[in-house]
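Working notes for the structure below.
Just so we're on the same page: letters track the sequence lines, and every chain starts at 1.
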There are 2 protein chains.
Amino acid sequence: MARRGETIELAVLGLLHEGPMHGYELRKRLNLMLGWGRLLSYGSLYPALKKMLRGNLIEEVAAPAGPVSRRQRIVYQVTDKGTEEFSRLMSEVGPAAWEDDNFDIRFRFFSSTDMEIRLRVLEGRRSRLQERLDRVQRELAMTQKEVDRYAAELQRHGVESVEREVRWLSDLINAERGAQGHSVAKPIPPTQTPTSPSTSQ
Amino acid sequence: MARRGETIELAVLGLLHEGPMHGYELRKRLNLMLGWGRLLSYGSLYPALKKMLRGNLIEEVAAPAGPVSRRQRIVYQVTDKGTEEFSRLMSEVGPAAWEDDNFDIRFRFFSSTDMEIRLRVLEGRRSRLQERLDRVQRELAMTQKEVDRYAAELQRHGVESVEREVRWLSDLINAERGAQGHSVAKPIPPTQTPTSPSTSQ
DNA sequence: GGCTGCATGTAAGTCGTTACATGATTTA
DNA sequence: TAAATCATGTAACGACTTACATGCAGCC
C-alpha cells in the first residue's frame, strides 16, 4: 500500500475543503470513500490530524456555529498552507498516484484540479492496469499446463474485472477529451442511473 | 488488512502442496496470485519461511533433482504437520476468511477442501459484500444532496463492481449446489473462454 | 568482462490496527 | 436510567516495505 500516510493527508485536506469538520465526522466520511474494505481507525486518524496541526496545514475553528449542544469536539478547517499542500499533492502525478487507494482519493477530488492533471492520472492508472494484465497473461501462458479449476476461475474473474476497469478508465478519458475547452467542468456524461435501484437484498 | 501473516502461511502451505519449491519461486507465484496490487517482498517472505521451518510446518528437501546447476538455493516441502495445519486453516470459516486477500487464497485452494467449507466461505463472502453495499447505499441516501460529479461517479462505479462480484459469487454458489454428490470435483461450469483473447492494449 | 536475472537474507523504519481509557449526550 | 452513539485520545504491538548486503550463473 505504501505511503497511505500521504493518502490520509490528501483525503483529509480534500474533505476539509468541502467544509469544516471534526475528527469523528472525518473518519465516517473517510471510511465511506476508501471504505471498500478496511476501516480507518482513530489510532490512525487522530495522530495524523495532530501532525497536520503541527504542520499548520489545518487549524481549529474558533466558535462552533450552534450556541447549543456544547459537546466536546474539535472542528478543523484548512489553512492557506493546507490549500497549497493540497494542490501540490493533487498535481503529483507519479506512479504513487495510480495506486489503488491513492487513485481513488485523487479521483474523488478531481473537481479541484484541471483537466491536464486529470488526464495524466487517468492515463497513468490505465497503463498500470494494462501492465498488470499483460504480465499476468504472459506468465499465465507459461504456467497454464495443469491448472486447477478454481485457480483458473479466479484468474479468469480477476482478468475480467481489471479489463472492465480499463474500459471504465477509457470512457472517462474520452469524456475528458470530449469536454475540451472548459477545463474544470462537466466532464462526465450520464453513464447510468445516478441512484442504482438494484441491490435488492 | 489485518493478519496477512496467516494469509502468507496459508498460501505457502497451499503452493507447497503442489510440489516442492524454493523461496524465489514461491514469491513469484505468490505475487501472481495475490498480485492484483501490492507485491510481497523478500523481507516478508523469508522470515515467514524461517518461522514455518521452526514450527516444523515445512522442511528443506535433501537432494535437489538435477545433478547439474548447483546454485545456492533451498527447496522446501510440507511436513505432515504442515498438511494438518493447512487443513485446519482452510476450515476456519470465520469473518477473517471473507476478507479480500484471505478469500482469494482460500478460493485458490478450494480443490483441497470439501463442498461444505466451500459453500460457507462463498456465502460468508457474499453476505459481507452485501452488507458493505447496503451500508454504503444507506449512507449515500443521507448525504446525496449536493454531490460532486466525480465523487458520484466513483460511488456508482464502486457499487457496480461490488454488485458484479456478488453475482459472481451467487453463480459459484449455485454451481456448488448443483454439483451435489461428488463433493470435491467439477463444480464450475465453463463461464467463458478460458484464455480471454481481448486486452489488445 | 560486465550486465541482467536468480537467490537468500537482515535491519531499520513506517504505517496502521487493537485494545485501552475516558467521558458527554441522546434515545428507548 | 441504561444502552447506544458521539467524541477524543494513547500505548503497545504487529506486519510489511525499503534499503542494504552478498554472491552465483548465464548471456552478449
Quick one: which of [options] gets closest to the side chain of [X]?
X       : options               : answer
B/Ser41 : D/dT17, C/dT18, D/dT8 : D/dT17
B/Ile74 : C/dG9, C/dC6, C/dT17  : C/dG9
A/Tyr42 : C/dT10, C/dA7, D/dT8  : D/dT8
A/Arg73 : D/dA7, C/dT8, D/dT17  : D/dA7
B/Pro47 : D/dT17, C/dT10, C/dA7 : C/dT10
A/His22 : D/dT8, D/dG9, C/dT17  : D/dT8
B/Lys50 : C/dG9, D/dG9, D/dT17  : C/dG9

Length of the line joining [X]:[atom1] and [N]:[atom2], which is rounded to integer Å:
X        : N      : atom1 : atom2 : result
A/Asn102 : C/dC15 : CG    : P     : 12 Å
B/Glu9   : D/dA15 : CD    : C1'   : 14 Å
B/Leu45  : D/dA15 : CG    : P     : 15 Å
B/Asp101 : C/dT17 : CG    : P     : 15 Å
A/Tyr24  : C/dA24 : OH    : C1'   : 13 Å
B/Glu25  : C/dG5  : CD    : P     : 17 Å
A/Glu99  : C/dC15 : CD    : C1'   : 13 Å
A/Arg27  : D/dG9  : CZ    : P     : 14 Å

- Query: When all nucleic acid strands are considered with a 4.0 Å heavy-atom cut-off, which category describes B/Gly43: base, sugar-phosphate, or nothing?
  - Reply: base

- Indicate whether OP1 or OP2 belonging to D/dT8 is found under 4.0 Å from a side-chain N or O atom of A/Tyr46. yes

- Find out whether A/Leu15 and A/Arg108 are in side-chain contact, i.e. whether some heavy atom of one side chain is under 4.5 Å from a heavy atom of the other. yes

- Would you mind reporting whether B/Glu160 and A/Arg164 have side-chain heavy atoms less than 4.5 Å apart? yes

- Query: For DNA chain C, whose closest nucleotide is more 5', that of A/Lys51 or that of B/Leu49?
  - Reply: B/Leu49

- Within 45° cone of B/Tyr42 ring axis and under 6.0 Å: B/Arg27 NZ or CZ: yes

- Message: In this structure, is the centre-to-centre distance between the rings of B/Phe107 and B/Trp98 below 6.0 Å?
- Response: no

- Query: Where the side chain of A/Ser44 meets the backbone of A/Leu40, is there a donor-acceptor pair that is under 3.5 Å apart?
  - Reply: no

